[in-house]
Amino acid sequence: MSDSKPVAIVGAGPVGAVMALALSRKGIPVVLIEAEYAPIQDQRAATVHPPTVEMFAELGLLDDAFSEAPSGGLQSPIFHYRNRVDNELVAVFDVDVLKGEVAYPFVLQWEQYKLVEAVVPKLEADPLAEVRFGWRLTGMEQSEDDVTLTLTNPAGEPETLVASYVIGTDGFRSTVRELAGIEFEGFTWAERFIKIGTTFDYLDTDRGYCTRNYFSDPDEWLNLFKVKGEGGNGIWRGIFPVPADERDEDAMSLEGVQRRLQNLYPKDGDYDIAYHALYKVHQRVAKTYNLGRVFLAGDAAHVNNPIGGMGMNGGIHDAMNLAEKLADVWFARADASVFDRYSRQRRKAQIDFVQAQSIQNKKSLEEKDPALRRKSLDNLRRMSENTDLHKQFIYRSSLFESLKSANAVE
Ligand SMILES: Cc1cc2nc3c(=O)[nH]c(=O)nc-3n(C[C@H](O)[C@H](O)[C@H](O)COP(=O)(O)OP(=O)(O)OC[C@H]3O[C@@H](n4cnc5c(N)ncnc54)[C@H](O)[C@@H]3O)c2cc1C
């Protein structure tokens, strides 16, 4: 072992949790630092693409991920593209076309907080890992040999921690990124997105929806997915755009939420609302993912709109890539130049695939020009009806292609 000071991972969201587990499984001591007092019920990500499921397998998480209990995920191989204007079913894609070519030919709908809740007890049982909830990073100084972190402990007092390396998995507003002075280049969309969860079961309607649906609509596009929720009976999550001129309080009001669901599928009585939240949406990538002994991964390194479900997946791919390289340096199998390769590889995956694809997904769902709209829908149908194109589409949208092309970068 090259260094006995632990690796500090700041932020116990899904990426930090996976990062800590991946490193401790490789024999590297870690301290996972989280400002919140316990894992929070973050209802953002749920879509887990097949290559990420392969990574869960590598980390021994499949018993949790595939559990029949409410804490497990929902296997969802099929997804629909629909024209919301007339409910035309435009294209049906089935990840199962990759059966025999990939290990897990389905998308797993598994809420991100359930992933964190599955990982934390494994870390707490591991002598190489320490998990600190209620601790916040406030300062950071690196030397050639280590990084000294200033933390605020749960009692509100300052304490220091000396780490061999620091990994910022502390989300969009990353303190690590800010303290390291790394630019976060990109833009913020004018509209916001609202996520509304309801216990109403859309499979009981006459619409023919499946458990993952993308709706194109020049007035109000929509993503509608099913997750297991807390009790296991299922929650349907709709993600809708909120125009720039709609006030936050109107979008978040009970009337606003009911109106959006009633416009989608009119029914007698109010919808039962499990949760709703409004999000600002960004497309940004950090200028570098490494600076000396400091690294960024997950939302601290990149953010994108959630259409296609790629943000958390890309972050977990960062974590697995970085864990491999850090272990190689830790056990003297490689020198520190591999860290630049981490940044090159994962920035390529992000810029060429996740950013490009998520922007394209948004544009195609919201297209207002009728001719361009028709062309985009016809193109989706054509891809879904041809086996080779169908497979190509799934390899790209599931991020297999992004991993392959990024890993080829020297
Ligand atoms: C509506 C919506 C739906 C989405 N759906 C999907 C999806 O289906 N699939 C997908 O792949 N992605 C999806 N995403 C994106 C996904 O939610 C994020 O990419 C993911 O949460 C990033 O995880 P993370 O661990 O990098 O950061 P976060 O989940 O933001 O976690 C960061 C953690 O760091 C902690 N922290 C922050 N600052 C400090 C500090 N100074 N000290 C200590 N701790 C700190 C925070 O408390 C937090 O727990 C969606 C996003 C939105 C908005």
Side-chain angles (χ1 to χ4, degrees), residues 8-20 31-49 51-53 73 76 79 107-113 115-116 119-120 131-140 149-154 161 166-179 189 192-197 212 223 225 227 237-242 275-282 284 286 296-319 350 354 357-358 361 397-399 402:
I9 299 158
V10 182
V15 177
V18 165
M19 185 82 245
V31 183
L32 179 60
I33 296 152
E34 168 56 49
E36 299 286 341
Y37 287 84
I40 49 165
Q41 274 211 6
D42 192 325
Q43 301 288 0
R44 281 180 292 165
T47 295
V48 179
H49 289 296
T52 314
V53 179
S76 237
F79 55 105
V107 159
L108 186 73
Q109 293 290 116
W110 197 29
E111 295 100 316
Q112 66 180 72
Y113 72 89
L115 163 63
V116 176
V119 172
V120 166
V131 186
R132 295 191 190 180
F133 281 105
W135 290 68
R136 179 178 291 277
L137 172 79
T138 53
M140 184 176 79
L149 301 181
T150 307
L151 306 171
T152 304
N153 71 19
L161 172 76
V166 174
I167 305 172
T169 52
D170 48 347
F172 168 68
R173 291 193 178 79
S174 173
T175 309
V176 173
R177 191 186 63 235
E178 203 181 298
L179 292 170
W189 296 99
R192 291 131 298 147
F193 289 7
I194 190 167
K195 169 176 271 185
I196 306 174
R212 300 184 66 227
N223 296 345
F225 299 143
V227 294
R237 299 165 149 201
I239 298 184
F240 305 76
V242 174
Y275 43 77
H276 62 300
L278 195 61
Y279 301 95
K280 276 195 177 150
V281 188
H282 319 267
R284 293 182 190 275
L296 302 176
D299 275 20
H302 45 75
V303 279
N304 57 278
N305 81 67
I307 308 170
M310 293 178 281
M312 175 188 71
N313 282 270
I316 290 171
H317 300 183
D318 297 342
Q350 184 56 217
V354 175
Q357 185 74 52
S358 59
N361 288 348
S397 58
S398 302
L399 298 177
S402 88

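One-based numbering, in listed order, for ligands and for the atoms of each.
- Side chain of H49 to backbone of G309: a donor-acceptor contact under 3.5 angstrom is found.
- The shortest N or O to N or O distance between T175 and ligand 1 is under 3.5 Å.
- In this structure, the side chain of D170 does not engage the main chain of G11 through any donor-acceptor pair within 3.5 Å.
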Check the pair Y279, I239 against side chain to side chain contact (heavy atoms under 4.5 Å, CB included), reporting the backbone distance first and the verdict last. CA-CA 10 Å; Y279 301 95; I239 298 184; over 6 Å; no
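- The environment of CD in Q41 is crowded: more than 12 heavy-atom neighbours from other residues, nucleotides or ligands sit within 6.0 Å.
- Counting protein heavy atoms only, atom 14 (N) of ligand 1 is closest to A45 CB, 3.9 Å.
- Between A297 and ligand 1, a contact under 3.5 Å exists for no N or O pair.
- For atom 23 (O) of ligand 1, the closest heavy atom belonging to the protein is P14 CG, 3.5 Å.
- Interface of W135 with ligand 1, defined as ligand atoms under 4.0 Å from a residue heavy atom, comprises 43 (C).
- Heavy atoms of A46 come nearer than 4.0 angstrom to ligand 1 in at least one pair.
- At the shortest separation from atom 50 (C) of ligand 1 among protein heavy atoms lies P306 CB, 3.7 Å.
- Residue D299 holds the heavy atom nearest to atom 26 (O) of ligand 1 of all those in D42, L151, D299, L296.
- Nearest protein neighbour of atom 31 (O) of ligand 1, counting heavy atoms only, is G13 CA, 3.6 Å.
- Of all protein heavy atoms, the one lying nearest to atom 8 (O) of ligand 1 is T47 N, 3.0 Å.
- A donor-acceptor pair under 3.5 Å is absent between the side-chain atoms of T47 and the main chain of Q109, judged by distance alone.
- Protein heavy atom nearest atom 37 (C) of ligand 1, with residue, atom name and distance: D170 O, 3.4 Å.
- Residue contacts with ligand 1: Y279 is placed with no nitrogen or oxygen under 3.5 Å of a nitrogen or oxygen of the ligand (distance criterion only).
- Heavy-atom contacts of V10 reach the following atoms of ligand 1: 42 (N), 43 (C) (cutoff under 4.0 Å).
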Residue pair E34, V116: steps toward the side chain to side chain contact (heavy atoms under 4.5 Å, CB included) verdict: CA-CA 12 Å; E34 168 56 49; V116 176; over 6 Å; no
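- Although no hydrogens or angles enter the test, the distance criterion places no donor-acceptor pair under 3.5 Å between the side chain of N304 and the main chain of V354.
- None of R173, R177, R44 except one satisfies the salt bridge (Lys or Arg N to Asp or Glu O under 4.0 Å) rule with D299; the exception is R44.
- Between V15 and ligand 1, a contact under 3.5 Å exists for at least one N or O pair.
- Taking CG of L149 as the reference point, atom CH2 of W135 lies at 11.0 Å (rounded to 0.5 Å).
- Closest protein heavy atom to atom 34 (O) of ligand 1: G11 CA, 3.2 Å.
- Between V281 and P306 the shortest side-chain heavy-atom distance falls below 4.5 Å.
- The distance from ligand 1 to the heavy atoms of G311 drops below 4.0 Å at these ligand atoms: 10 (C), 11 (O), 12 (N), 19 (O).
- Residue G298 has at least one heavy-atom neighbour below 4.0 Å for each of these atoms of ligand 1: 26 (O).
- Per-residue contacts place G309 under 4.0 angstrom from the following atoms of ligand 1 (heavy atoms of the residue considered): 7 (C), 8 (O), 9 (N), 10 (C), 11 (O).
- The line from CG of N361 to CE of M310 is 5.0 Å long, rounded to the nearest 0.5 Å.
- Protein heavy atom in closest approach to atom 27 (O) of ligand 1: G171 CA, 3.8 Å.
- Ligand 1 has a nitrogen or oxygen under 3.5 angstrom from a nitrogen or oxygen of A35.
- Nearest residue to atom 28 (P) of ligand 1 from M19, R44, M140, E178 is R44 (criterion: closest heavy atom).
- When atom types are taken as modelled, the side chain of E111 and the backbone of Y113 share no donor-acceptor pair closer than 3.5 angstrom.
- Listed by number with element, the atoms of ligand 1 under 4.0 Å from a non-hydrogen atom of T169 are 32 (C), 33 (C), 34 (O).
- Between the Q112 side chain and the P14 main chain, no donor and acceptor come within less than 3.5 Å of each other.
- Between the side chain of T138 and the backbone N or O of T150, at least one donor-acceptor pair lies under 3.5 Å.
- Contact of the P39 side chain with the F133 side chain is registered, since non-hydrogen atoms from C-beta on lie closer than 4.5 Å.
- An N or O contact shorter than 3.5 Å links L137 to ligand 1 by distance.
- Nearest to atom 21 (O) of ligand 1 by heavy-atom distance, out of E34, Q112, M312, Q109, is Q112.
- For ligand 1, the atoms lying closer than 4.0 Å to a non-hydrogen atom of E36 are 47 (O).
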